[in-house]
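Positions are given from 1 along the sequence.
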Amino acid sequence: MKKKDLSRRKFIATVSAGSVAAAVSGSATATAFGNISIVNNNTGKLAILGGTPVAPEKVWPSWPYVDEKVVEEIVKTTRSGIWCRIQSANGTVTRFEKEFAKLMGTNYSVCTGSGTQSLNTAVEALGIGPGDEIITSPYTDPGTIQSILVSRALPVMADLDPDSFQVDPEDMERKITSRTKALMPVHIMGQPCNMQRIMEIAKKHNLKVIEDSCQAHLAEYQGKKLGTIGDVGCFSFQTTKVLACGEGGGIISTSDELMDKCYTVQNHGTAKDGRTKTIGSKYRMNEFEGAVLLGQLPGLKERHDTRNRNAKYLTEKLKGCPGLVPQKLYEGTTAGSYYLYTWSYKKEHFNNAPREKFLKAIAAEGISLSPYIANGLHREPWTDHIITLPEYKLMFGDARLKKFKKELYLPKCDQVCQDMVMLWASGPLLGTYADMDDVINAIMKVYDNRDKLNSI
Ligand SMILES: *Cc1c(COP(=O)(O)O)cnc(C)c1O
């Protein structure tokens, strides 16, 4: 059923996109996609005011990705009785680790039970713990912060570059103290941070770099895969991510020595030689998760290319709408993972209508766009919790913790939280150009009717 759907979609894509597809596969220039193709009458009445919706019964390609190969791998694993990675030297997790490393261009990778566990394993393996500080972004999944807290280090948050939504390297540098041991940039939306500046700053201050690449599978910056630029890169395979197995994580590094340490940490402190040597929780990935990941690999690159092609198409065709500014990509960005496709909503171009009214009008047209992170993590209660803990008081002292609280004023992050509009991209960006046209036409229709937005 699913397979049939997909091939039908592909067929429609080929037929309806026609010459556009040819233009996209060549070098995409500013005019590669031509003018905005208006399928519906953009000046028509807004659906929320009783007009006809642009896409009344929109069905997106589903996510997570499932096909017969994925099902087959799971059944094989179930029948084999090899459910835990240490039962076999050639189980699904070990085989996936090899394939993932090959994809990333590293010698090996280590899998864990989640992105959060991968990040925590990296923190531990780098020897970072009580009394140490790691500078990261407030605009991220709670797992980023928790991976630091679990090791009883202090997550210090830097403000954002409001155009790229990425952590601002200059603010990271301002927040370095004598206790800072590492920078943890988060490649948000699966797009690269300003890694050039981050690596310069890390070098200058002798800091480690842990790339939170949990959203950034296969993304590339200056010819390198994200996760291979810093000392270590951590990935998530949670259901929504573009490579998914329910819950899972992966670690890569160009240092084999560090990878050995990561293996030991995630294996309850027990090294490959069987000796229990260090501190580490048990974060091992199980063989069922490995099986799903193996099943997802064959079409991974193709889906990645499709998302990038569709993202380019959206960006080009929406240039006519100044009210939605796409996420700024730093120079050197050659491919994103497009976990999410995001814009800043500029209400001054929408007759000053608040974002919520815009989203309501778009939803009525049959297209679901939404806010992303409601609050930066600097606004969550954990910041009050940790400063009351005896161990944090003991390790950092009152003066440092007071400064930590004071530095939680991150206005650019607050602004980004307020202005962000996103399209979930893992599934939707696998659609056809006709699907993208629905998004474009819904946005352009609302834009053309912006004078009516405040009345809805
Ligand atoms: C998903 C995610 C994580 C955590 O990964 P889990 O697998 O959910 O533990 C960390 N950072 C970012 C940016 C993420 O998107």
Side-chain angles (χ1 to χ4, degrees), residues 2-3 5-6 9-10 13 55 58-67 69-71 96 100 103-104 114-116 118 139-144 165 186-192 212-220 225-227 233-250 289 292-315 326-327 329 333 335-343 362-363 366-373 420-436 438-439:
K2 201 147 263 162
K3 236 180 183 168
D5 266 8
L6 214 72
R9 281 189 170 286
K10 269 190 195 140
K58 192 80 214 149
V59 180
W60 292 106
S62 65
W63 195 260
Y65 182 81
V66 183
D67 67 8
K69 172 100 175 122
V70 175
V71 175
F96 174 76
F100 190 62
L103 261 175
M104 294 294 154
S114 71
T116 307
S118 287
Y139 193 65
T140 183
D141 182 275
T144 308
F165 321 140
V186 177
H187 303 299
I188 204 75
M189 324 302 177
Q191 299 294 346
D212 180 339
S213 309
C214 283
Q215 303 185 350
H217 319 69
L218 299 185
E220 281 176 13
K225 290 269 189 315
L226 294 189
C234 298
F235 295 82
S236 167
F237 307 128
Q238 185 265 347
T239 304
T240 60
K241 310 287 158 92
V242 300
L243 177 56
C245 66
E247 301 283 3
E289 291 160 339
V292 175
L293 290 171
L294 278 179
Q296 294 226 340
L297 278 179
L300 179 69
K301 179 69 168 65
E302 190 191 334
R303 292 192 290 276
H304 167 82
D305 290 342
T306 303
R307 287 192 195 92
N308 274 272
R309 213 163 48 229
N310 276 328
K312 224 173 220 176
Y313 184 80
L314 281 177
T315 305
Q327 177 182 20
L329 306 179
T333 302
S337 89
Y338 288 103
Y339 170 58
L340 308 169
Y341 184 100
T342 55
W343 299 270
I362 288 280
I367 297 297
S368 173
L369 303 181
S370 64
Y372 183 35
I373 294 166
M420 164 72 54
V421 169
M422 69 160 196
L423 174 70
W424 276 108
S426 299
L429 276 197
L430 297 179
T432 61
Y433 286 127
D435 288 326
M436 298 306 114
D438 282 342
V439 175

Please check if the side chain of [X] supplies one atom and the backbone of [Y] the other of a donor-acceptor pair under 3.5 Å.
| X | Y | value |
| --- | --- | --- |
| His217 | Ser236 | yes |
| Trp63 | Thr239 | yes |
| Gln296 | Tyr65 | yes |

Would you name the heavy atoms of [X] and [Y] that are closest together and state the gap between them?
| X | Y | answer |
| --- | --- | --- |
| Val242 | Ser426 | CG1-OG, 3.9 Å |
| Ala219 | Ser337 | CB-N, 3.8 Å |
| Gly295 | Pro298 | O-CD, 3.3 Å |
| Gly233 | Ser213 | CA-OG, 4.4 Å |
| Gly249 | Ser118 | C-OG, 3.3 Å |
| Ala55 | Ile367 | CB-CD1, 4.3 Å |

If the condition is side-chain contact (heavy atoms from CB on, under 4.5 Å), which residues does [X] pass it with, not counting sequence neighbours?
| X | result |
| --- | --- |
| Val421 | Trp343, Tyr345, Arg355, Phe358, Leu359, Leu369 |
| Leu300 | Leu103, Leu218, Leu243, Leu297, Arg303 |
| Thr342 | Phe165, Met189, Gln327, Leu340, Met420, Met422 |
| Thr315 | Pro326, Tyr341 |

Point to revise | Residues Asn308, Lys312; criterion side chain to side chain contact (heavy atoms under 4.5 Å, CB included); working and verdict | key: CA-CA 6 Å; Asn308 274 272; Lys312 224 173 220 176; over 6 Å; no

Can you list the residues that meet the side chain to side chain donor-acceptor pair (under 3.5 Å) rule with [X], with sequence neighbours excluded?
| X | answer |
| --- | --- |
| Gln215 | Tyr372 |
| Thr144 | Thr140, Asp212 |
| Gln238 | Thr240 |
| His187 | Glu211 |

[atom1]/[X] to [atom2]/[Y] distance, rounded to the nearest 0.5 angstrom?
| X | Y | atom1 | atom2 | value |
| --- | --- | --- | --- | --- |
| Ile373 | Tyr139 | CD1 | OH | 5.0 Å |
| Lys58 | Ser368 | NZ | OG | 12.5 Å |
| Leu226 | Gln191 | CG | CD | 8.5 Å |
| Tyr339 | Leu429 | OH | CG | 13.0 Å |
| Lys301 | Asp305 | NZ | CG | 3.5 Å |
| Thr432 | Asn310 | OG1 | CG | 7.5 Å |

Practice item. With sequence neighbours excluded, tell me which residues meet ring pair (Phe, Tyr, Trp, His ring centres under 6.0 Å) with Phe100. Key: Phe96, Phe235, Phe237

**Study point:** Residue pair Tyr433, Arg309: steps toward the side chain to side chain contact (heavy atoms under 4.5 Å, CB included) verdict
**Key:** CA-CA 9 Å; Tyr433 286 127; Arg309 213 163 48 229; 3.4 Å; yes

Check your understanding: How would you list, by chain and number, every residue that makes a salt bridge (charged side-chain N to carboxylate O under 4.0 Å, His left out) with Glu220, sequence neighbours excluded?
Key -> Lys225

